[in-house]
Amino acid sequence: MSVNLKDLLIKQLFGLINAPLEIKKDSSLNCHVLQTLEKCLKFCLNPHEDSNDIIFAIKFVLNYLYDELNTGHWSKVPIETRQNYTIASFVEALLLLQLSNKIDTDLLQQCLKSVDMGLLLGAPINNNEELLTETAKIIREQLVEEPVVINQANTDKECIVNIIAENKIEELEVPSLETFISKFFNPQLPLKLKGCMTHWPATTKWQDLNYLLKIAGNRTVPIELGSRYTDEDWGQKLMTLRDFIKEHYLSEHGNIGYLAQHNLFDQISELKEDIRVPEYCCCSLNYEESTEPDINAWLGPKGTVSPLHQDPKNNILAQVYGYKQLILFSPEDTPYLYPHEDTLLSNTAQIDPINPDYEKFPKFKLAKMYKCVLGPGEMLFLPVKWWHHVTALTKSFSVSFWWQ
Ligand SMILES: O=C(O)CCC(=O)C(=O)O
């Protein structure tokens, strides 16, 4: 790669700055850190010879802010700290390019990692909302991904087990909005929706792992490690999508790893173009409080388990490929499911519906269990607070839309 590429990339990144970048005042932060960030920002806007310690300085700022972001409850982190983290991530990517002698894959991957950290932990800055997503796009286009050879659809059908319906969930082929609202949304009853994803490019494009790798292989994403989040040895790790695919998704013997409940689509806008928000998400029980759906990706190997839990919003879980088994209970059955008493886990049941301990949880016998298997191109409407336990029967990619 040539020196021209370096100039081109730097010019493209500068072109993304719509309004002057301003470090946010943040009384919770040490003022030396903010001054250092200011110094780094000034340097990259106007680079000069004396650059010895500038990379060291931006790394110091990022490490300091990272610790601030990871201390205490996430909801209590001041937005300004997150916005400064966004600026610092952008500055690091720019400095790495400006100070490099050679722009190679390694350097571009480092830049992309800085940008992804900013996307994962930072917050958008006014008038420069797309700064990091667009930066990532520009850098990603310069990276060539090694193709992988796999047969995606190998054992899908053989893996379907345990699907005898206890109580079957209703299924409809592309119901009208009127039917959906009157028969399911208003009474808050679950429904399997068929034929509603035929126009999603994702249903064909994402079958090809090489396509996903090309778009997102070098992007850093959060991965849940361990089969279920209620287990003692469960943890989370940041890694590139490529490493996740190699170590957890394709490897039959690796630890279970799950790209779960992650807003991949705000991070990687190219993938958002492959999905469509279901029209049913426009329904609301209270239009004054209605919001745009939160869209999350769920990509994992066979065997991922989301333990029995409930969420405070309506959900459409859309199955792009692979099969998942869902076990559902109505919110009315909550007393029979023994929610955890600890507030952090109070939306999660102690009962494991696959292997219930009736001695410890005798009232579980009174709960009415619904089961369904969701296959490629099918969606499940899960009303507010319906309990759900989800097991991937094969490799699987789902997208959830939570809304109210
Ligand atoms: O697919 C999964 O593993 C869990 C999905 C889920 O819990 C949700 O969409 O709320």
Side-chain angles (χ1 to χ4, degrees), residues 1-21 37 39-59 61-62 85-120 122 124-125 127-148 205 208-221 238-246 264 266-274:
M1 292 178 195
S2 64
V3 176
N4 286 343
L5 174 62
K6 169 172 164 168
D7 294 343
L8 177 73
L9 284 174
I10 293 170
K11 192 165 161 219
Q12 285 180 315
L13 296 205
F14 274 126
L16 298 175
I17 305 174
N18 291 329
L21 293 173
L37 177 55
K39 181 176 107 182
C40 296
L41 176 61
K42 277 202 181 125
F43 181 97
C44 75
L45 296 176
N46 190 7
H48 48 81
E49 294 296 296
D50 181 16
S51 61
N52 282 348
D53 57 0
I54 204 77
I55 284 283
F56 177 79
I58 193 67
K59 287 205 186 300
V61 171
L62 281 163
Y85 193 78
T86 298
I87 296 178
S89 306
F90 179 71
V91 167
E92 187 185 40
L94 207 42
L95 286 175
L96 285 168
L97 290 172
Q98 286 171 328
L99 300 178
S100 65
N101 298 321
K102 187 165 132 242
I103 302 230
D104 56 13
T105 303
D106 201 37
L107 183 94
L108 291 170
Q109 283 173 341
Q110 280 182 51
C111 293
L112 208 45
K113 170 118 195 240
S114 315
V115 174
D116 276 328
M117 292 303 289
L119 281 166
L120 294 171
I125 21 182
N127 303 322
N128 280 308
E129 285 83 358
E130 304 300 326
L131 185 66
L132 292 185
T133 17
E134 293 300 315
T135 303
K137 242 193 222 172
I138 289 172
I139 298 171
R140 197 274 299 165
E141 275 163 13
Q142 300 302 328
L143 283 162
V144 183
E145 191 62 45
E146 290 287 307
V148 293
K205 283 182 163 178
D208 177 7
L209 264 194
N210 288 319
Y211 168 78
L212 287 177
L213 285 172
K214 181 167 159 239
I215 305 283
N218 284 294
R219 307 302 300 273
T220 298
V221 287
L238 293 175
M239 59 170 84
T240 60
L241 189 80
R242 184 188 334 97
D243 288 346
F244 163 67
I245 286 183
K246 273 200 222 141
L264 193 65
D266 276 354
Q267 185 186 357
I268 307 175
S269 55
E270 293 99 312
L271 292 179
K272 197 167 189 175
E273 288 162 21
D274 295 339

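Below, all heavy atoms of this structure are taken into account, side chains as well, without hydrogens, waters or symmetry copies.
Without hydrogens or angle criteria, Glu141 side chain to Ala136 main chain gives no donor-acceptor distance under 3.5 Å. Side-chain atoms of Asp53 never come within 3.5 Å of backbone atoms of Phe56 as a donor-acceptor pair (strictly under, hydrogens ignored). For the pair Lys6 (side chain) and Ile103 (backbone), a donor-acceptor distance under 3.5 Å is absent. Thr240 contributes a side-chain N or O that, together with a main-chain N or O of Asp243, makes up a donor-acceptor pair within less than 3.5 Å. Checking side-chain atoms of Lys113 against main-chain N and O of Thr220 turns up no donor-acceptor pair under 3.5 Å. A donor-acceptor pair is defined here as one N or O able to donate and one able to accept, closer than 3.5 Å; such a pair exists between the side chain of Asn128 and the backbone of Asn18. Here the side chain of Gln142 pairs no donor or acceptor atom with the backbone of Leu108 at under 3.5 angstrom.
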List the steps and the verdict of salt bridge (charged side-chain N to carboxylate O under 4.0 Å, His left out) for Glu92 and Lys59.
-> CA-CA 8 Å; Glu92 187 185 40; Lys59 287 205 186 300; 2.6 Å; yes
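Sorted by first and then second residue, the salt bridge (charged side-chain N to carboxylate O under 4.0 Å, His left out) pairs involving residues 8-21 (not counting sequence neighbours) form an empty list.
The shortest distance between side-chain heavy atoms of Leu21 and Val91 does not fall below 4.5 Å. At a threshold of 4.5 Å between non-hydrogen side-chain atoms, the residues Tyr211 and Asp274 count as touching. Here the side chains of Gln267 and Thr133 are not in contact, with every heavy-atom distance at 4.5 Å or above. Within the 4.5 Å cutoff, the side chain of Thr135 has heavy atoms near those of the Phe90 side chain. Annotation: side chain of Leu94 is in contact with side chain of Phe14 (closest heavy-atom distance under 4.5 Å). Using a 4.5 Å cut-off on side-chain heavy atoms (C-beta onward), Leu213 and Ile245 make contact. At a threshold of 4.5 Å between non-hydrogen side-chain atoms, the residues Leu45 and Leu41 count as touching.
Checked by atom type, the side-chain pair Arg242/Asn218 shows a donor-acceptor distance below 3.5 Å.
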